[in-house]
Amino acid sequence: MRPRDTATTALRALTAHPGRAALTLLAVALGCAAVVILSGIGEGARRFVLDEFSQLGTRLLIVVPGRNETTGGAPPLLGETPRDLTLDDALALLRAPGVARVAPVAMGEAPVSTGALAREVGILGTTADYLAIRELTLAAGRFLPAADPGRAAPVAVLGATLARELFGTASPLGRRIRIADRRFRVIGVLAGGGVSLGTDMADLALVPVASAQAVFDNPGLFRVLVQGRVGADLAITAEQVRAVVRDRHEGEDDVTVITQDALLGTFDQILSALTLAVAAIAAISLVVAGVLIMNVMLVSVSQRSAEIGLLKALGASAAQVRALFLTEALVLGALGSLAGLGCGHALLWAIDRQLAGFTLAAPPWASLAAVLTAMGSALVFGLLPARRAARLDPVAALNGR
């Protein structure tokens, strides 16, 4: 028997029992579709998180008050320290050779009102450099003035959603708002917005950092965003930033400097591992489908004993009979996996059409892994029925024994 004869015979054997073959193909297809869909969701989550961090800006360092000593792993996002980061600490970072811009950040929530309208929103205190560091754009007006950061100017820039909720279609420029117990004049409106690290920029009010500290009665800073100079090594700049703070904090190294590349790399590794883990869990269903293929093939061997005996009586070797049944198992695995890939990618596309800001896309390795796992499972679990068929005695098989 030539390879073509073996494949043709295997296909005919499968089509002789279409119902049984269809159920087996369905089991394999469901397993492959699960691998594609779950890996696509995991990949979408990975891209979403990386995009969130990328939107923070370029050449970015984040100075966090507090330091958690760790061995390996990701840099801490939260820290604990008895000493706060102050506005003077932030401005002192400009002395570091690799630092181009610094934007101190004070954050909290407070009621924002105008007339009879009021809502509780996030208040972000910062300086004029925040616009360039975060690469934001304005829809109208101007950003916070580049004045003395220690001066609590009564001006505010609103996110697009907040401006619309407070003023409707009317221009908010020049209008007065009240934040907590203080009055501010609106001088600008941010364009667009979007959610960045859990903060909806379209629903924020931005004020000078000193004004925010006065509103919250807190001289400490939430974060300090530092933009490195073009061409500067961020790792070296981070060490320079730590040295400046250490000099100001009596030699105590009590801040964490997080580089954007470190954050991106860490989250990329974590989410990639999670995607692989989820895909591996889904691939277990392909092993179950392999067991089903084995059961179907064992039934097929018992039902086709006369056919096997005739093949051996005509001169077919044990290896040829074994190859015939292994080919049937591989055909089931291949056809089922291809059907599953088609269904999985179609479902991902349909789900992706319903989501905004979250792109679902199965990585190329997921499709390849699903096909290889399906065919490998079919081959491994097809060995037992293939060996049983190869060991049948032709005379006994022809006699139905």
Side-chain angles (χ1 to χ4, degrees), residues 48 51-58 60 87 101-218 221-223 225 227 353-358:
F48 176 78
D51 185 60
E52 288 292 292
F53 280 100
S54 298
Q55 289 179 10
L56 286 175
T58 56
L60 185 67
L87 184 57
R101 294 186 180 93
V102 169
V105 176
M107 282 199 71
E109 288 192 353
V112 178
S113 61
T114 178
L117 299 176
R119 56 182 296 168
E120 189 90 6
V121 299
I123 309 299
L124 191 149
T126 187
T127 59
D129 284 336
Y130 187 81
L131 184 72
I133 292 176
R134 287 296 314 276
E135 299 179 355
L136 301 174
T137 56
L138 291 170
R142 55 192 177 90
F143 198 64
L144 300 175
D148 180 10
R151 178 172 173 269
V155 295
V157 176
L158 304 182
T161 300
L162 180 59
R164 184 173 62 254
E165 293 293 330
L166 293 179
F167 299 101
T169 57
S171 173
L173 298 182
R175 304 284 292 272
R176 299 283 179 177
I177 61 173
R178 181 177 292 275
I179 300 178
D181 58 348
R182 295 174 178 267
R183 291 172 60 84
F184 291 82
R185 181 170 59 89
V186 179
I187 61 172
V189 178
L190 290 177
V195 178
S196 178
L197 295 181
T199 302
D200 187 357
M201 297 300 297
D203 204 24
L204 280 181
L206 289 85
V207 299
V209 62
S211 300
Q213 289 175 325
V215 168
F216 303 125
D217 191 22
N218 182 6
L221 297 176
F222 175 66
R223 297 284 186 270
L225 302 184
Q227 188 178 56
R353 293 287 299 271
Q354 305 301 319
L355 299 177
F358 194 92

Output side-chain donor-acceptor pairs under 3.5 Å for residues 180-189, partner residues at least two apart or in another chain, one line each.
none

Identify each donor-acceptor pair in which a side-chain atom of residues 205-215 lies under 3.5 Å from a protein atom, sequence neighbours left out, and give them as a table.
residue, atom, partner, partner atom, Å
S211, OG, A153, N, 3.4
S211, OG, A153, O, 2.8
Q213, NE2, P219, O, 2.8

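Considering CZ of R101 and OG1 of T127, their distance stands at 10.5 Å, rounded to 0.5 Å. The CG atom of L221 sits 12.5 Å away from atom CE of M107, with the distance rounded to the nearest 0.5 Å. In this structure, CE on M201 lies 5.0 Å from CG on L136, to the nearest 0.5 angstrom. For the atom pair CG (L124) and CG (L144), the distance works out to 9.0 Å, reported to the nearest 0.5 Å. Annotation: the span from E120 atom CD to S113 atom OG amounts to 10.5 Å, rounded to 0.5 Å. The distance from atom CZ of F216 to atom CD1 of I179, rounded to the nearest 0.5 Å, is 8.0 Å.
With sequence neighbours excluded, the residues that form a salt bridge (charged side-chain N to carboxylate O under 4.0 Å, His left out) with R119 are E165, D203. Listed by chain and residue number, F167, A170 satisfy the side chain to side chain contact (heavy atoms under 4.5 Å, CB included) test with R175 (two or more places apart in sequence, or in another chain).
Sorted pairs that involve residues 143-159 and meet salt bridge (Lys or Arg N to Asp or Glu O under 4.0 Å), not counting sequence neighbours, are lacking altogether. Annotation: side chain to side chain donor-acceptor pair (under 3.5 Å) contacts involving residues 137-146, sequence neighbours excluded, are absent.
Between P145 and V155, some side-chain heavy-atom pair lies under the 4.5 Å cut-off. For the pair I177 and L158, the minimum side-chain heavy-atom distance is below 4.5 Å. For the pair D129/V102, no side-chain contact is recorded, criterion being any heavy-atom separation below 4.5 Å from C-beta on.
When all heavy atoms are compared, the tightest approach of V121 to L162 is CG1-CD1, 3.8 Å.
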